[in-house]
Amino acid sequence: MSEKKFPEGFYWGAATASYQVEGGIENCDWAEAARAGRVPSCGRACEHYSRFEADFDIAKSLGHNAHRFSVEWARIEPTQGQFNEEAIEHYRDVLRALRARNITPFITLWHFTLPLWFSESGGFERKDSPEIFAKYCAFVVSRLGDMCEHFSTINEPNVYATQGWINGEWPPFKVSSKPWQRSYTGAMIKKRSKIWTLTNYFKVVKNLVKAHNLAYKLIKEILPNCHVSYVKHVHVYLKPKGFLNKIRQILSNHFQNHSFTKRTYKYLDEIGINYYQASLYGVELTSRKTDMGWNYTPEHIYDALVMMSRYKKPLFVSEAGIADYDDSDRAEYITKQVEGVWRALKSGIDVRGHMYWSLLDNYEWALGFDKRFGLVEIDYDTLERKVRPSAYVYKAICEANAVVE
Ligand code: BGC
């Protein structure tokens, strides 16, 4: 029997995001897009907003000692500059509930959804958006910083900008790619492409960089010892054959994996890594797919961690997971990617934790509720929670702080 042991104090847990699980958020851009019929409605989602205690009991029973969640900007700042203390009190209750169970919180300050007043006035295309965002972040940290040490400013800025300004699948639905193209679900869809949208894409990315850097400075004035990160979606592009494929790989790597971090790394204490898949230009890497149609490549989380280790910051896996309706692949997927994390540690990379995506089944953005990522299954008619068998495989890893074979 061999044992792949993790360092003492390693963080094990799962992640969620406010809009995807809480329910009842109506004053944000995604709710507005649903009212306009452009994305599925989120409605009550998992009602995690009122059921968080019971959900954390499940996380505790599954051996988790860490939990990543996001706070909802639209709840906290429903009108520009007017902060809602009731919402803050709610998130303090959430933090109390985690602490009572000895679960270390990792807060994400913004996970994709924007308050309507902000999105309707231009969102991250606004010149003053970095200041607006940084003020919001500083406010939240001033109110929650006594109960939490890990704050991520932005979840996946590249995915956000690509989906909103290149692919046009998410609010604000601007398209600047090929008129006929594959959506991220793999379907061929027709879109009205406007090449000048691309200038707005670059403007948004620039504002997101500024927003992070400014938020970092304001947060550190308030709480010098906390750990500030942003959460990076890392798509692993393996080394292809052929000149053109190599160029594609270099460009994708630059724009999707490195450009944001290169412009923010001075303002990062740690980096959250979201990993889902690897691909290889010119060749189908594997015919085995997840329910998202993504390559089944859990072991390449190792390459994602190696790639991001060049910034010499502590890393934590902030998301890694699989949509797997019948739970037939999830246990193996988890085990393989946790082994990948272990290999990264063995090669000297400073990885501090692993948070599976997701604790609960949830609202998978433009795809609605069909894709099932949860360790815990949700019956959307009754909202009953049912722990999936794979969750116990992960539990064994969390409790042993090791993969035992
Ligand atoms: C996002 C999550 C999403 C998950 C699966 C990540 O890119 O942060 O919100 O549900 O991927 O698609």
Side-chain angles (χ1 to χ4, degrees), residues 14-23 25 30-31 33-34 37-48 55 58 68-70 108 111-113 155-156 159-160 162-164 167-171 173 182-189 231 233-235 274-279 286-298 301 317-334 336-337 355-391 393-394:
T16 59
S18 50
Y19 193 70
Q20 293 178 270
V21 293
E22 284 183 356
I25 302 168
W30 274 81
R38 305 193 76 168
V39 294
S41 164
C42 186
R44 63 179 184 169
C46 313
E47 272 187 2
H48 179 69
D55 290 339
I58 299 176
R68 172 179 174 236
F69 69 99
S70 73
T108 304
H111 195 123
F112 295 154
T113 47
N155 180 67
E156 300 187 342
V159 173
Y160 171 75
T162 304
Q163 289 291 56
N167 296 338
E169 292 182 5
W170 293 1
F173 305 104
R182 274 184 196 285
S183 78
Y184 81 123
T185 59
M188 293 300 278
I189 46 172
V231 166
H233 177 102
V234 181
H235 186 121
N274 289 359
Y275 171 77
Y276 287 93
Q277 63 168 331
S279 55
T286 166
S287 57
R288 191 169 174 195
K289 306 289 174 195
T290 72
D291 290 354
M292 294 291 279
W294 296 344
N295 289 332
Y296 180 95
T297 50
I301 196 170
V317 177
S318 34
E319 288 179 30
I322 180 171
D324 180 24
Y325 194 89
D326 60 7
D327 205 38
S328 55
D329 292 327
R330 188 173 285 103
E332 183 198 58
Y333 189 93
I334 291 177
K336 287 202 165 166
Q337 41 114 336
M355 277 163 271
Y356 176 81
W357 181 268
S358 175
L359 178 63
L360 311 171
D361 283 342
N362 59 55
Y363 177 79
E364 180 50 31
W365 304 113
L367 302 178
F369 288 102
D370 291 345
K371 305 295 172 199
R372 304 293 187 130
F373 279 92
L375 293 172
V376 179
E377 180 186 339
I378 303 284
D379 176 331
Y380 288 109
D381 293 328
T382 61
L383 294 183
E384 191 198 329
R385 273 76 168 144
K386 202 155 119 205
V387 176
R388 292 200 161 98
S390 58
V393 172
Y394 187 45

If you look at every heavy atom in [X] and [Y], which pair is closest and at what distance?
| X | Y | answer |
| --- | --- | --- |
| Ser41 | Ala34 | CA-CB, 3.7 Å |
| Gln20 | Cys46 | O-SG, 4.3 Å |
| Gly23 | Ala45 | N-CB, 3.8 Å |
| Ala278 | Asn295 | O-ND2, 2.9 Å |
| Thr286 | Lys289 | O-NZ, 3.0 Å |
| Leu375 | Tyr394 | CD1-CD2, 3.9 Å |

How far apart are the C-alpha atoms of Thr113 and Ile25, what are their side-chain angles, what is the distance that settles it, and do they pass the side chain to side chain contact (heavy atoms under 4.5 Å, CB included) test?
CA-CA 10 Å; Thr113 47; Ile25 302 168; over 6 Å; no
I'd like to know if Asp379 and Lys386 make a salt bridge, using a cut-off of under 4.0 Å between side-chain N and carboxylate O.
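Salt bridge absent between Asp379 and Lys386.
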Could you tell me whether Arg388 and Asp361 have a side-chain N and a carboxylate O separated by less than 4.0 Å?
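Salt bridge: yes.
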Just how far is it from atom [atom1] of [X] to atom [atom2] of [Y], taken to the nearest 0.5 Å?
| X | Y | atom1 | atom2 | answer |
| --- | --- | --- | --- | --- |
| Asp326 | Arg372 | CG | CZ | 12.0 Å |
| Phe369 | Cys42 | CZ | SG | 4.5 Å |
| Met292 | Ile322 | CE | CD1 | 11.0 Å |
| His233 | Gln277 | NE2 | CD | 7.0 Å |
| Leu360 | Leu383 | CG | CG | 10.5 Å |
| Trp170 | Thr162 | CH2 | OG1 | 9.5 Å |

Is a donor on one side and an acceptor on the other found under 3.5 Å between the side chain of [X] and the backbone of [Y]?
| X | Y | value |
| --- | --- | --- |
| Thr108 | Asn155 | no |
| Asp327 | Ser390 | yes |
| Arg288 | Tyr296 | no |
| Tyr356 | Phe373 | yes |

Apply side chain to side chain contact (heavy atoms under 4.5 Å, CB included) to residues Trp30 and Val39 and explain how you reach the verdict.
CA-CA 8 Å; Trp30 274 81; Val39 294; 3.6 Å; yes
What do the steps show when you test Ile58 against Val387 for side chain to side chain contact (heavy atoms under 4.5 Å, CB included), and what is the final call?
CA-CA 8 Å; Ile58 299 176; Val387 176; 3.8 Å; yes
Taking atom OH of Tyr380 as the centre, does the number of heavy atoms from other residues, nucleotides or ligands within less than 6.0 Å exceed 12?
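It does: Tyr380 OH has more than 12 such atoms within range.
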Can you list the residues that meet the salt bridge (Lys or Arg N to Asp or Glu O under 4.0 Å) rule with Glu377, with sequence neighbours excluded?
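Applying salt bridge (Lys or Arg N to Asp or Glu O under 4.0 Å) to Glu377 gives none.
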Report the residues that fulfil salt bridge (Lys or Arg N to Asp or Glu O under 4.0 Å) with Asp291, sequence neighbours left out, ordered by chain and then residue number.
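Here no residue qualifies.
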Taking atom types as modelled, find out whether Ser18 and His111 have a side-chain donor-acceptor pair closer than 3.5 angstrom.
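Side chains of Ser18 and His111: no pair found under 3.5 Å.
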Are Val159 and Phe112 packed together at the side-chain level, in the sense that at least one heavy-atom pair is separated by less than 4.5 angstrom?
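A side-chain contact under 4.5 Å exists here.
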pair Val317-Trp357: side-chain heavy atoms closer than 4.5 Å
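Counting from C-beta outward, Val317 and Trp357 never come under 4.5 Å.
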